[in-house]
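To keep things clear, I will list the structure first and then write my remarks on it.
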Amino acid sequence: MQQQISPSISPEIKRSGGGRISSPKLRRSLEQSKNFEGLEENTNRYDLLLLVKRVGKQAGFTSKMIQLLDYYLAFTREIDWEEGACPIVYQCLAKTALDLGVSERQIQKLEKQLFEIGAITWNDSGNHRRYGQRCSVSGRILYAFGVDLTPLAFLRSKLENKLHEKQLHDRAWMKTKRQVSWYRAQIRAMLSELEEEGTPQIQTQYDEIAISIRTYMKLESLRDLLHQHKKLYQQLTEQISWAEKISSEIPLTSKSSCKDEEKDAHYKNTNKPPFDKSNSSKPSVIGNQESKSKTLSHLSKPQLNEKALKKEKTSPATSTGIENIRLKQALNAASDRFKAHIPINPGYPLTWRDMIEAAYSLKSKLPISQENWGNACVAIGRENAAICLLLTDYGTLRIENRVMKPGAYFRSMVNRAKTGNLNLHASIMGILKREQGDDT
């Protein structure tokens with residue numbers, strides 16, 4: 001049995017004819033439409049639309065809402081935005097839904113959202129149908145019922161304030177992003193410098209914060225990411241400073257030019273006067289420092305040069321074949337980048353010291369750390385270390401099998417030299433045959 005409606009139901013909850021519910025917000029928007037005096041001079045309706053697009057979500061506009069607002073503005077004319085007129089879109093709801101490829105219900109939802117943020121209102125007919133007519137002569141709207149765009153003009157000052165806030169936010173966001181990028185570049189460079197010493201813990205810390213920066217990230221999250229990068233950068237800076245301090249305690253690794261270190265006992269095993277004939281001979285090869293010290297301890301000065309040189313040439317740690325490499329061959333095998341670091345001494349022939357000076361100057365650009373270079377000089381001598389660095393530099397410039405980790409490659413060559421498994425002469429000859437031909 002069908003239930004009957006009680007006549008005692010409160011009249012406040014009844015809706016006659018399904019009309020639009022009145023509210024203070026709706027009445028205020030209708031009052032704005034009534035008091036509209038036209039747009040400001042040198043301003044048109046599309047200036048308002050551009051302002052909406054630039055502010056976007058900052059003012060509550062979604063892409064769908066902006067699309068519908070853009071669509072409605074195209075139905076208005078400049079004359080509709082003048083004093084005494086009213087920009088009303090009276091196209092039927094069904095036609096709008098068909099043009100945009102959505103349902104009528106979706107159009108109603110978007111209109112409601114635009115109304116809530118104060119962009120539109122409605123000028124409804126008695127039966128809520130949308131229709132109107134323009135004057136065929138002047139083009140003015142004679143009468144119209146539909147979507148009223150007048151509130152958008154009153155929203156301009158609010159949108160401009162929102163745009164200013166957005167611009168400040170965006171500038172701060174981009175500035176923070178640039179700072180993060182700068183710290184990342186510095187951190188990666190320092191990690192490469194410390195790579196041969198092994199920094200798995202710090203590398204892991206960097207991997208955790210090396211995330212891609214996307215525009216959807218909030219400014220607070222980006223600033224937190226910047227703080228983490230600063231902290232890691234400071235940690236790496238302290239570690240490198242400590243490593244340089246330790247390495248500076250070794251005379252070989254002093255940051256001053258290696259020209260000032262000719263008095264070191266490990267530079268060349270000779271005590272002959274500067275104008276002695278032996279100074280123009282082939283460079284002596286440096287042997288193991290500990291073995292050399294024992295040899296020097298029981299030799300008199302006249303016996304020192306000859307016997308020390310003989311001892312070095314037979315030492316397994318110096319079986320690198322460098323005694324067979326002529327200076328001209330080493331120069332021809334060097335890259336243009338290596339040659340650019342060779343000191344220019346007009347009037348003086350090229351010496352092995354010049355090759356060492358070039359290697360010393362180039363090492364930081366590969367990069368090879370100060371400690372790595374110092375350890376190589378102690379273990380196999382400066383001439384051998386210079387040739388190893390020359391070969392490392394050449395390897396980084398190869399097209400095939402390019403050396404990607406110069407520090408590790410250089411250290412590997414030094415370790416092979418310590419065990420007598422490195423043939424520098426064969427490597428130099430190989431380069432000359434491939435690049436320039438055999439220069440013997």
Side-chain angles (χ1 to χ4, degrees), residues 54-59 63 161-250 253-256 337 341 359-376 389 392-393 395-398 402-412 414:
R54 294 182 65 185
V55 176
K57 292 183 179 180
Q58 192 78 9
S63 59
N161 292 335
K162 288 287 185 180
L163 178 60
H164 180 65
E165 294 176 3
K166 183 177 183 297
Q167 289 173 337
L168 293 177
H169 173 276
D170 291 349
R171 281 199 290 267
W173 194 94
M174 290 300 299
K175 180 181 178 181
T176 307
K177 179 179 181 294
R178 288 193 297 270
Q179 291 175 330
V180 172
S181 299
W182 185 87
Y183 277 107
R184 282 187 174 177
Q186 300 302 313
I187 290 171
R188 285 195 295 266
M190 288 189 286
L191 285 174
S192 298
E193 181 178 351
L194 294 173
E195 189 170 10
E196 59 258 21
E197 282 78 16
T199 54
Q201 184 177 0
I202 298 181
Q203 182 66 50
T204 301
Q205 294 179 25
Y206 174 68
D207 291 340
E208 291 176 354
I209 62 176
I211 59 177
S212 299
I213 299 177
R214 303 299 183 190
T215 53
Y216 59 75
M217 293 179 64
K218 294 183 178 180
L219 179 59
E220 293 75 14
S221 301
L222 200 57
R223 284 174 172 168
D224 182 63
L225 191 65
L226 174 61
H227 174 72
Q228 297 179 57
H229 278 76
K230 286 182 177 180
K231 185 177 180 181
L232 183 58
Y233 173 80
Q234 183 64 29
Q235 183 180 350
L236 280 169
T237 301
E238 293 174 357
Q239 182 167 344
I240 289 178
S241 299
W242 177 83
E244 289 180 348
K245 180 180 179 181
I246 295 299
S247 63
S248 65
E249 296 177 0
I250 305 175
T253 59
S254 173
K255 288 188 177 181
S256 60
R337 180 169 62 180
H341 287 78
Y360 183 87
S361 175
L362 179 62
K363 66 179 177 58
S364 61
K365 295 179 175 60
L366 288 177
I368 292 174
S369 69
Q370 185 84 359
E371 184 177 2
N372 201 357
W373 169 260
N375 291 338
L389 193 139
T392 302
D393 173 56
T396 61
L397 302 175
R398 287 197 302 249
R402 178 177 298 178
V403 174
M404 305 304 296
K405 297 181 179 181
Y409 186 85
F410 178 79
R411 187 175 57 183
S412 174
V414 173

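Taking CG of Leu232 as the reference point, atom CD1 of Ile209 lies at 5.0 Å (rounded to 0.5 Å). Of the inter-residue distances, the one linking His227 atom NE2 with Thr176 atom OG1 reads 14.0 Å to the nearest 0.5 angstrom. Taken from CZ in Arg214 to NZ in Lys177, the straight-line distance is 9.5 Å, to the nearest 0.5 Å. Here the OH-CE distance, from Tyr183 to Met190, works out to 10.0 Å after rounding to the nearest 0.5 Å. Taken to the nearest 0.5 Å, the CD atom of Gln370 stands 10.5 Å off from the CG atom of Asn375. From Leu226, atom CG reaches atom OG of Ser221 across 12.5 Å, with rounding to the nearest 0.5 Å.
Taking each heavy atom of Leu163 and Val55 in turn, the nearest pair found is CB-CG2, 3.7 Å. What you find for Met217 and Ser212 is that their closest heavy atoms are SD-O, 3.9 Å. Residues Ala172 and Arg223 share a closest heavy-atom pair of CB-NH2, 3.9 Å. Nearest heavy atom pair, residue Pro367 against residue Pro406, reads O-CB, 4.3 Å.
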Using side chain to side chain contact (heavy atoms under 4.5 Å, CB included), reason through Trp182 and His229 one step at a time and then give a plain yes or no.
CA-CA 10 Å; Trp182 185 87; His229 278 76; over 6 Å; no
May I have the step-by-step check of side chain to side chain contact (heavy atoms under 4.5 Å, CB included) for Leu389 and Leu366, ending in yes or no?
CA-CA 9 Å; Leu389 193 139; Leu366 288 177; 4.0 Å; yes
Gln205 and Leu236: CA distance, side-chain angles, deciding distance, side chain to side chain contact (heavy atoms under 4.5 Å, CB included) verdict:
CA-CA 11 Å; Gln205 294 179 25; Leu236 280 169; over 6 Å; no
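Proximity of a side-chain donor or acceptor of Trp173 to a complementary backbone N or O of Thr215 within less than 3.5 Å is not detected. Side-chain atoms of Ser412 never come within 3.5 Å of backbone atoms of Ala408 as a donor-acceptor pair (strictly under, hydrogens ignored). In this structure, the side chain of Arg402 engages the main chain of Arg398 through a donor-acceptor pair within 3.5 Å.
Atom NE2 of His169 sits in a crowded spot, with more than 12 heavy atoms from other residues, nucleotides or ligands closer than 6.0 Å. More than 12 heavy atoms of other residues, nucleotides or ligands sit less than 6.0 Å from atom CZ of Arg337.
Remark: Lys363 qualifies as a cation-pi partner of Tyr360 under the 6.0 Å distance and 45° angle criteria applied to the six-membered ring.
Between Phe410 and Trp373, the ring-plane angle classifies as parallel under the 30° and 60° cut-offs.
Glu238 and Gln234 form a side-chain donor-acceptor contact under 3.5 Å, judged by distance and modelled atom types alone. A donor-acceptor pair shorter than 3.5 Å can be found between the side chains of Gln228 and Asp224.
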